[in-house]
Amino acid sequence: MTDGHVHDAVINSISGPVLRATMRMPFHINEAVKVGPQRLLGEVIRINGSESVIQVYEDTSGLKPGDPVNATGSPLAVKLGPGMLGNIFDGLLRPLKQQGRYVKPGIGDKTNGETYRFSPLVEEGDLITRGTLFGSVTRKHARLQRCMAPPDCDGRVVSIKPAGEYTDDETLCVLDCGDNEVRELSMSHYWPVRQPRPVLQRRPVKGPLFTGQRILDSIFPVGCGSRAAMPGGFGTGKTVLQETLAKWCDADVIIYVGCGERGNEMASVLHDFPSLEDPRTGRPLMERTVIIANTSNMPVAAREASIYTAVTVGEYFRDMGLRVALMADSTSRWAEALREISGRLGELPGEAGYPAYLSSRQADFYERAANVSTLSGKAGSLTIIGAVSPPSADFSEPVTTHTKRYVHCFWGLDAVRAQARFYPAIHPLQSYSRDVDALNHFWSQHGHPTWGRQRQKFLALLEEQARLERMARIIGKDALPPRQQHVLLCAELINEAFLRQSAFSEVDRYCSAERQIEMMQMISRFIRLSRNAIELDHSVESISALPVMRKLRRMGEDIGEDELDDFEDLRDELDEAFEQLTRSAKYEAERDEG
Ligand code: ADP
């Protein structure tokens, strides 16, 4: 009551981002509130009699007991509209400013007066139901977007604005919803971040989210609308892999959430992205990207919210009938935010100090990934890829184990591989994909009906390699019989020629489906030819000494996307090498006999 007005509540105590206030008017749980004279944004997270517990999404320094809290009457919501693509926001979707190498916290005002070109898709008298796309919006340097009726709206068009330039708040369409109720629609609308947006139907995964990374697409593929996690210790390549996916995957829209990263790391993402080109369209990648950054120097409660904000933005684009990919780096920092807030609330800590609801919160997040029929009947999808940074790379810690329960693809990043600078450091024996069966069709359509079998074969060889290497450590590699040495040779080739792929190589950072097939078949061919040669008593050394081996190992680097015909030459060379090997052996045998 500092200013003489009657306020809805008054602050009693403050502990970092969490404060307790005595209510004069009852708040709703999860209601957004404005706190203190600066009207900081907060959310009611618990109510005990006349006391409410509020988490504040902004810096609370300067607040004091006795400061007012006012209700807003609605849950924590974000404004979804055409200004999002190509921009960077904080955890509550407020535009961020980048200053030098650092990212500055968001500033309150979301409307900056920018106008967008609107064209109507409906006429007066038309019926608009939930999710109807009633107009299209074009904006300089951004892809075409749609104006969507919010999911809770039904009515007949009374008036619609003609094509022209409008701000995202201006009323474009007026609806008669019956019972004398009129509703005004603009390009943007608000949606509560913790509430999943409705869809007509969730559908099974059908096609892949193609990433251009061989170990993912060919070995552990992720379906469009599916969910994947990449756990890995410090320096195992999570950030590079997330960025690589954001750059090269074939989604229409990318939502990149930097959650709890250092400000300067995020600034490097911001620096990199605008200069990158979309390999498929030649347009700047930023045009299809929304970056949400909640760096470690920003309020911890906003970090907790940033994940929900990002999913909500993803669902919004999905509802336009687009394929959306959401990358979250890292969900562990998000779980730490939950832990910190829970600690301040005095809740009973569960495993490793995390709150008991950690698992259900993670489920809420990953469950929002889906392949759907949208309310307007279009096909859309939201794929979620979360990075996990387990302390000491221990995959048995709570965040990783719970994540495993909710994802379909698990890409375990291995410290030993990373130390050997083998990237991506995804460990083939600690990773899995449950989307494989759904994606056979994709590879068949690309002319590779045996993909599933070849993939199995590769994995079996890698597993056998691990077993044999353990044995070789005891008895020595040379003591292994030729067939087992052959397994080691093939597994080494799979690793070096196929799984290894540098994110920084001009030629190899992206690998099309066609090139992946060529490479997979080339290695399968080598396995077959060399097995035959071993059966004909050729030594493994003579095979690994063949000059063509070097070319096989380097084919990812040497044969680019525009040179796919060169695979034919390599195939001929491979056949020729084995023919010669057999011929010379025959000749030697005949000579010896003679
Ligand atoms: P994390 O986020 O897990 O701590 P980073 O993504 O920052 O690890 O990766 C650490 C370093 O490893 C990078 O700076 C880069 O040099 C190297 N690296 C990681 N992934 C790759 C990759 N796919 N290709 C080439 N180098 C990589």
Side-chain angles (χ1 to χ4, degrees), residues 101 103 210-222 228-249 254 256-273 276 279 285 291 293-296 303 326-336 385-395 397 399-400 403 409-428 430-431 494-511 515-516 519 553-557 560:
R101 288 166 49 92
V103 177
F210 193 80
T211 65
Q213 307 304 302
R214 289 186 288 272
I215 190 162
L216 301 185
D217 299 325
S218 289
I219 309 291
F220 303 113
V222 58
M230 49 169 92
F234 178 74
T236 49
K238 295 180 295 299
T239 306
V240 173
L241 191 56
Q242 288 273 27
E243 286 174 24
T244 309
L245 296 185
K247 285 172 200 164
W248 304 111
C249 83
I254 306 285
Y256 188 91
V257 205
C259 189
E261 296 266 306
R262 286 195 301 275
N264 54 348
E265 279 180 42
M266 210 56 230
S268 77
V269 172
L270 302 185
H271 179 262
D272 281 1
F273 265 75
L276 291 169
L285 260 187
I291 297 182
N294 198 264
T295 52
S296 49
R303 189 191 310 167
L326 188 158
M327 325 282 165
D329 188 13
S330 122
T331 58
S332 298
R333 301 280 109 77
W334 168 64
E336 282 163 17
I385 299 171
V388 186
S389 10
S392 331
D394 169 16
F395 287 5
E397 59 90 43
V399 182
T400 317
T403 301
C409 302
F410 187 83
W411 302 327
L413 295 170
D414 181 46
V416 177
R417 286 192 163 226
Q419 270 159 17
R421 301 205 65 72
F422 187 104
Y423 292 113
I426 295 171
H427 197 297
Q430 286 172 14
S431 307
I494 293 171
N495 269 313
E496 287 299 324
F498 197 72
L499 304 187
R500 186 174 218 155
Q501 187 178 358
S502 171
F504 303 114
S505 154
E506 282 287 325
V507 178
D508 205 25
R509 59 193 178 181
Y510 174 83
C511 192
R515 199 154 76 96
Q516 295 195 23
M519 292 174 75
R553 284 198 189 95
R554 289 194 46 84
M555 63 183 160
E557 285 292 338

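Each residue takes its place number in the sequence, starting with 1. Counting convention: from 1, in listed order, for ligands and their atoms alike.
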query = Among the heavy atoms of G232, does any lie under 4.0 Å from an atom of ligand 1?
reply = no

ask   = Which ligand 1 atoms does A503 reach within 4.0 Å, using its non-hydrogen atoms?
value = 22 (C), 23 (N), 24 (N), 25 (C)

F395 to G412 - nearest heavy-atom pair and separation = CE2-CA, 3.9 Å

message = So for ligand 1, is L241 a polar contact partner (N or O within less than 3.5 Å, distance only)?
response = no

message = Salt bridge or not between D508 and R515? Use side-chain N to carboxylate O under 4.0 Å.
response = yes

Minimum-distance protein heavy atom relative to atom 13 (C) of ligand 1 = V240 CG2, 3.8 Å

task = For atom 10 (C) of ligand 1, grab the closest protein heavy atom and report residue, atom and distance to one decimal in Å.
result = G235 O, 3.9 Å

ask   = In the protein, which heavy atom is nearest to atom 8 (O) of ligand 1, and how far is it?
value = G237 N, 3.2 Å

Parallel, tilted or perpendicular: ring planes of W248 versus Y510, cut at 30 and 60 degrees = tilted

query = So is there a nitrogen or oxygen of F504 less than 3.5 Å from a nitrogen or oxygen in ligand 1?
reply = no

ask   = Taking the non-hydrogen atoms of G233, is any one of them nearer than 4.0 angstrom to ligand 1?
value = yes

ask   = Nearest protein heavy-atom contact for atom 16 (O) of ligand 1: which residue, which atom, what distance?
value = R421 NH2, 3.3 Å

query = Nearest 0.5 Å, what's the CD1-CE distance between I291 and M327?
reply = 11.5 Å

key: From CD (Q213) to CG (L241), nearest 0.5 Å   = 6.5 Å

remark   = Min over F234, F422, Y423 of heavy-atom distance to atom 21 (C) of ligand 1 lands on Y423

query = Does ligand 1 have any atom sitting under 4.0 Å from a heavy atom of R509?
reply = no

ask   = What is the closest protein heavy atom to atom 3 (O) of ligand 1, and at what distance does it sit?
value = K238 NZ, 2.7 Å

query = Where is the tightest heavy-atom contact between R333 and R303, given as atom of each residue plus distance?
reply = O-NH1, 3.0 Å

inquiry  = Applying side-chain contact (heavy atoms from CB on, under 4.5 Å) to R509 and T244, what does each step give before you reach the verdict?
reply    = CA-CA 8 Å; R509 59 193 178 181; T244 309; 5.8 Å; no

request  = To the nearest 0.5 Å, tell me how far T211 OG1 sits from K247 NZ.
outcome  = 13.5 Å

query = At what distance is the nearest protein heavy atom to atom 7 (O) of ligand 1, and which residue and atom is it?
reply = T239 CB, 4.1 Å

task = Go through the side-chain N and O atoms of Q242 and D329 and say whether any donor and acceptor fall under 3.5 Å apart.
result = no

